[in-house]
Amino acid sequence: MFEKLDTPQELFTYKLGSALTMEQTVLDMLGDLEEKAQSQQLKQQFHHHAQETQQQIRNIEQAFTAMGEEPEDEPCPAIKGIEKEGKANIKKTDDALVDAVILSGAAETEHHEIAVYESLITQAEAMGRPNVVTLLRENLEQEQHTLEHVRQASRQVAMQAAGQAA
Ligand SMILES: [Fe+2]
């Protein structure tokens, strides 16, 4: 798209395109995790977050429009790496422990997403784009809630697994 990013707007638009790829990848990951998770509660949580992710994709597309740009996806190798590592870990892990490995991948994903939205919001604020900030803040808050649920579920699963092993 750009040979070199040399204005704040170009940088922002490029990073917004990476965020679009990130969310599209997360949507695929969530479908996969819903299938692989052993606990019903976890399956439901992933299903719910997949619905939120569809809205997040629409918010990003609207943020492009608000910037006067066409939505265009850009590379996001970080999320592809998290996806690849998560898949490999699930394959290696016994079903009895798979929820723990799924949840650690989910936490890594959420932390990455949170960092991406925080930077985008900082840039949008600096450029004086309050409507874009509102859209991205909605996504950030959903990721923060999801991370909190992931943390709670991780503690439960780890306690259960440690109890069974003892
Ligand atoms: Fe997301």
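Every number for a ligand or one of its atoms is a count from 1 in the order of the listing.
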- Taking NZ, NE, NH1 and NH2 as the nitrogens, is one of them in Glu148 or Arg151 under 4.0 Å from a carboxylate oxygen of the other? yes
- Query: Taking the Fe ion (ligand 1) as the centre, how many protein N/O/S atoms fall inside a distance shorter than 2.8 Å?
  - Reply: 5
- Can you check whether Gln38's main-chain N or O pairs, donor with acceptor, with Lys43's side chain at less than 3.5 Å? no
- Spell out, yes or no, whether Met22 and Phe12 are grouped together once hydrophobic residues are joined by side-chain heavy atoms under 4.5 Å, including indirect joins. yes
- Query: Are the side chain of Asp99 and the backbone of Ser39 linked by a donor-acceptor contact shorter than 3.5 Å?
  - Reply: yes
- Task: Would you check if the side chain of Thr21 reaches a backbone N or O of Glu74 as a donor-acceptor pair within less than 3.5 Å?
- Result: yes
- Message: Using every non-hydrogen atom in the two residues, find where Phe46 and Ala106 come nearest and quote the distance to one decimal.
- Response: CE2-CB, 4.2 Å
